[in-house]
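Note that the structure is a prediction, hence the values are computed from the model and not measured. Every chain is numbered from 1 and lettered A, B, ... according to where its sequence line falls, protein lines coming before strand lines.
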Amino acid sequence: MAEEKLENEALKGLNPEQKMAVLTTLGPVLIVAGAGAGKTKTITHRILHLIKEGVAPSQILAITFTNKAAKEMRERITHLLTENRALNFPVAHTEVPFVSTFHSLGVYLLKENCQLLGLPRHFSIFDKSDSLRLIKEILKELDINPKQFEPSKILNIISREKSDLTTVENFSGQATKNAYSLAGVTAKVWRLYEDKKRAEKALDFDDLLLQSYLLLKKYPEILVYYQKRWLYLHVDEYQDTNKVQYMLTRLLAEKNRTICVVGDIDQNIYSWRGADIGNLLNFEKDYPEAKIIKLEQNYRSTQTIIAAANEVIKKNKMRLEKNLFTKKEEGKKITVFEAGNEIEEARYLAREAKRLQAEEKVKLSEIAVLYRANFQSRVIEEAMIAESVPYQLLGTKFFERKEVKDILSFLRAALNPDSLTDLKRIINVPARGLGKVTILKVFSGQRADLPPLVKQKVDSFFNLLVEIKNKIEKEKPTEVIKFIITGSGLEKELMDGTEEDKEDLENMKELATLAHKYNHLPLGEGIEKLLEEASLQSDQDELKETEEAVKLMTVHSAKGLEFDYVFITGLEEDLFPHQKLGAQRIGQAEEEEERRLFYVALTRAREKLYLSYAEIRTIFGSQIFNSRSRFFADIDENLLEKEEQFEFREKIIYLDI
DNA sequence: CTATTCTCGCTTTTT
DNA sequence: GCGAGAATAG
């Protein structure tokens, strides 16, 4: 019986030979699978099989694309292990496979070897806005016009180069040509950026991967250590790996060659971030002895949905031939709704969701609304509120909220006194009467020369940080955060402020609540984990997972998820497929990536799809007329039905301001 | 030197 | 229609 439960859906579709290959091949395995074929499940199954065969869980490493996926996989493995204890698994229950994202793995590797790298254990992790602020500062120092050389563009180049394993040194070497070109400026800025970052004892997102790679490359004995430690490697969403991730994987796998990767080139939607499908296509070259397994049966969607998805993706030229099939029923037709504008579109979604719940007894949590760009969520939220449909917005980063970042900065600054970025952020939070000039003086070591009154204020701020540090060593994370809120005077300030202030305070308290789950860890370690989770943008949404609500998210963040009912919105030219403002027609490669993205969106649905678009959309406050997306032409008319319920076509009343 | 008001430019997608 | 920097008032 228990054996039966171990059997997973994905493997049922394989012929016995393939099944054996997945489970028993210890050498390299490449699983090429379509959407909904059970890629992640297959990895999970293989891991369990290894354990069953006597492999210690601690010798297994699995890399997933998101933290959420990692968490789910860990839970599933733990669950199945407990369930199958009766089968006499040779497992000590303290042992768990190491399941994480590449970035978490990076943090882990760098922390374990921090002394060697000259880093403190509590190194800060820069997010994009931290990096951007630093680059702006550098441009100012260099007296470079940020309009001529945009900070975000410079950061993008640096980030892409780092993902491609280019270090500052290499880049400066290449880009000596013209000091006034973008490359020249970038080289100069990048150098300073690295220096300042190092002085702050901080790493940025790309460093987590690049530095990990360089560590293993530079110290062969360390590499050997990890190769011995993780004998069995698994990588999910292999098509989305970039060069650093690929090289890191290769280093860890090249000796044992017991690597199993899973991917689908039709779902490569991160090439803008350096993801290279070549990594997947070249797997056979890297590991000539590799077994290749194709999974084409989809266990998720109805025939209608699969037919539409197949038709869409077939239009792409840069792909391997693959045809998904399903044994599920034909299913409902795809509903197309043409809205006059985005408000009407949003109202339709909200009402239809409400109708589905009332008339078809659909759980709201089984309904997802997908869109191309985050700004589209606003109108949808407003409609959900107006129609009083409970919703949950995914992807709004709780940790990116200003007030939450402030609290986190207090923690970071207390632990890492070198972190100028954090100090600058909070030295005047709440307003202590310390402005730009004072801050400049404080950080250029002129603290003693300040006017007495100002000096007193500055000193009390630094005393607060010391107090926080003491609390971290003595109290549980929840208590530390509560102390920051009260001790800093933020509570007093915000309590009798505006409605918005009170909301900010609520979010800060929410952080204290969230920190609760780290309370059981040894003192100090909890805060460390909290900061790590915050920097790596792990999902905090799970907190409200139980809530019965429609889920709103971008197509990108819907990857790997599935829902019974899926609305794909904003299907207009220039929006989906997206086209940068003012750019010329999108090229072949871009169009194909957008099409893959659309394919990902389509294949999220189990039961039914809704496609909608607006004839007029307000962007930046001005009205844009758009024609419907070219992707409609890819889908057979017979699979579609038009929404003709004109009750939704009410006149929209425009408020004059 | 700091606090407040004002204006301009902006938006893919994310670990 | 918002949020970060500049201009201006205190």
What is the nucleic acid contact for [X], judged by heavy atoms within less than 4.0 Å: base, sugar-phosphate only, or nothing?
X      : value
A:S557 : sugar-phosphate
A:K441 : sugar-phosphate
A:S104 : nothing

Between A:K147 and A:K128, which is nearer to the 5' end of DNA chain B once each is assigned its nearest nucleotide?
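Taking each residue's closest nucleotide, the earlier one in sequence belongs to A:K147.
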Between A:E400 and A:V454, name the one whose nearest nucleotide on DNA chain B is closer to the 5' end.
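It is A:V454 whose nearest nucleotide is closer to the 5' end.
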Specify the separation, in whole Å, of atom [atom1] of [X] and atom [atom2] of [N].
X      : N      : atom1 : atom2 : value
A:L155 : B:dT11 : CG    : P     : 13 Å
A:E137 : C:dA4  : CD    : C1'   : 15 Å
A:N145 : C:dA6  : CG    : P     : 11 Å
A:Q623 : C:dG1  : CD    : P     : 12 Å
A:L434 : B:dT2  : CG    : C1'   : 10 Å
A:L597 : B:dT14 : CG    : C1'   : 12 Å
A:E593 : B:dT12 : CD    : P     : 15 Å
A:E150 : C:dA4  : CD    : C1'   : 15 Å

Under a 4.0 Å threshold between the charged nitrogen and the carboxylate oxygen, would [Y] count as salt-bridged to [X]?
X      : Y      : result
A:E532 : A:K111 : yes
A:D266 : A:R319 : yes
A:E345 : A:R617 : yes

What's the closest nucleotide to the [X] side chain, out of [options]?
X      : options               : answer
A:N374 : B:dT13, B:dT11, B:dT2 : B:dT13
A:A373 : B:dC1, B:dT13, B:dT15 : B:dT13
A:Y270 : C:dA6, B:dT2, B:dT14  : B:dT14
A:T438 : B:dT14, B:dT15, B:dC1 : B:dC1
A:R372 : B:dT14, B:dC1, B:dT12 : B:dT12

Any A:Q148 side-chain heavy atom under 4.5 Å of A:P146 side chain
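Answer no - side chains too far apart.
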Report yes if some heavy atom in the side chain of A:Y108 is under 4.5 Å from a heavy atom in the side chain of A:F98; otherwise report no.
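Sidechains of A:F98 and A:Y108: in contact.
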Verify the stacking flag for A:F102 against B:dT15: centroid separation must be under 5.5 angstrom and the ring planes must differ by under 30 degrees.
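No.
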Using the six-membered ring for Trp and the full ring for Phe, Tyr or His, decide whether A:H578 stacks on the six-membered base ring of B:dT12 (centres under 5.5 Å, planes under 30°).
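So yes, this residue stacks on that base, both cut-offs being met.
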Could you write out DNA chain B as dot-bracket? Rules: Watson-Crick or G-U wobble, both distances under 3.5 Å, brackets [ ] for crossings, | for pairs with another strand, dot for unpaired.
|||||||||......
Shortest non-hydrogen contact from A:N67 toward A:S104
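Distance-wise, the nearest heavy atoms are OD1-OG, 3.4 Å.
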To the nearest 0.5 angstrom, please state how far the CG atom of A:L280 sits from the CD atom of A:Q239.
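So the CG of A:L280 and the CD of A:Q239 are separated by 6.5 Å.
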Select from A:K402 and A:R378 the residue whose nearest nucleotide in DNA chain C is closer to the 5' end of that strand.
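The residue whose closest nucleotide sits nearer the 5' end is A:R378.
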Taking for each residue the nucleotide of DNA chain C bearing the nearest heavy atom, is the 5' side occupied by A:K136 or by A:E382?
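That would be A:E382.
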Test A:D422 against every option in A:K405, A:K201, A:R412 by the salt bridge (Lys or Arg N to Asp or Glu O under 4.0 Å) rule and name the one that passes.
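The residue from A:K405, A:K201, A:R412 that satisfies salt bridge (Lys or Arg N to Asp or Glu O under 4.0 Å) with A:D422 turns out to be A:R412.
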